[in-house]
Amino acid sequence: MRKRFTESYPESDKETVHAMLLVIVEKVVVELEKGGLDNVLGVSASSGDFFSEDLWNTVWEVSNKVLEDMNKERKKEKMKEFLQCDEVKEMCRFAGEVGIRGDLLRELRFKWAREKMEEHDFYQGLERMRKEAARAEDGESVEFEIGGGVEEKDKKDKVVELPKRKGKIK
C-alpha cells in the first residue's frame, strides 16, 4: 500500500504517506467494527463519505494479496511438516532403493507430501463437518427439550432402533 501511495503522491514525504496510511487503517477498522468484512466494500463504496470507491478497491486488493501471501506461507509451513512425515520418508527410501534419484525423487517426495497433506485436510474437513452436525443436532434437541417440556424420564426411555422389516426375507 505504501508503494502505491508513493507512486500516486511523489511530492509527499515519508511522514505524510505514513499519516495517510494510518487514517486509512483507522477508517477500515471502524468499517469492520460496524458491519464485518462482508459489508465493508458495499457500504463504503456506496456511502462515498470518506474514501472514494477506487481507494476502497485498492485497500481490499492489497489486503487480499496479503491474505493470499499469508495462506501460501501457512501452506508452505504445513508442507514442511508433511515432507518430514515418516510415511513420506519411507516412500523416498524405497524409491531410492529402487533406483530413483535426483530431480525425479525430489518431485515424487513433494507429490507424496502434498497428497498426504490433502488427505489430512480432507479428514479434518470431515471431522469438522461431523462436529458441526453434532452441534446442530444438540442445538435442535436443546430447543425441543426447552420448548416441548420433555422430562428426564422420557429421554432415558427413548431408544433409537432400525425400522421393522415388513414382508418375508427371500
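When hydrophobic clusters are built by joining Ile, Leu, Val, Met, Phe, Trp and Tyr residues whose side-chain heavy atoms come closer than 4.5 Å, directly or via intermediates, Phe110 is not grouped with Ile100. Under the 4.5 Å side-chain contact rule for hydrophobic residues, Val62 and Leu22 do not share a cluster.
Nearest heavy-atom pair across Arg2 and Lys14 is NH1-O, 4.5 Å. Shortest non-hydrogen contact noted between Lys116 and Cys85 is CE-SG, 3.9 Å. Contact detail for Leu83 and Ala113: the closest heavy-atom pair is CD2-CB, 3.5 Å. Taking every heavy atom of both residues into account, Ala95 and Trp112 meet most closely at CB-CH2, 4.0 Å.
Taking CD of Glu11 as the reference point, atom OG1 of Thr16 lies at 9.5 Å (rounded to 0.5 Å). Distance CD1/Ile24 to OG1/Thr58: 8.5 Å, rounded to 0.5 Å. Note: Met117 CE to Met79 CE = 5.0 Å, rounded to the nearest 0.5 Å. The structure places NE2 of His18 at 14.0 Å from OG of Ser12, a figure rounded to the nearest 0.5 Å.
Atom CD of Glu87 is surrounded by 12 or fewer heavy atoms from other residues, nucleotides or ligands within 6.0 Å. For CD of Glu90, the number of neighbouring non-hydrogen atoms (other residues, nucleotides, ligands) closer than 6.0 Å is 12 at most. Annotation for Glu15: atom CD does not count as buried by contact number, only 12 or fewer foreign heavy atoms lying within 6.0 Å. Few gaps surround CG on Asn64; more than 12 heavy atoms of other groups in view lie less than 6.0 Å from it.
At a threshold of 4.5 Å between non-hydrogen side-chain atoms, the residues Phe82 and Arg114 do not count as touching. Contact check for Cys92 versus Val88: side-chain heavy atoms found under the 4.5 Å cut-off. The side-chain heavy atoms of Arg74 and Asn71, taken from C-beta on, include a pair separated by under 4.5 Å.
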Just do the side-chain contact (heavy atoms from CB on, under 4.5 Å) check on Lys131 and Arg128 with the steps written out, would you? CA-CA 5 Å; Lys131 286 180 182 179; Arg128 186 175 48 250; 5.8 Å; no
For a salt bridge (Lys or Arg N to Asp or Glu O under 4.0 Å) check, start with the C-alpha distance between Glu115 and Lys111, then their side-chain angles and the critical distance, and finish with the verdict. CA-CA 6 Å; Glu115 287 174 355; Lys111 177 184 176 222; 3.7 Å; yes
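In summary, Glu81 and Lys78 do not engage in a salt bridge, as defined by a charged side-chain N under 4.0 Å from a carboxylate O. Ion pair Glu127/Arg130 flagged as a salt bridge, since at least one NZ, NE, NH1 or NH2 atom sits closer than 4.0 Å to an Asp/Glu carboxylate oxygen.
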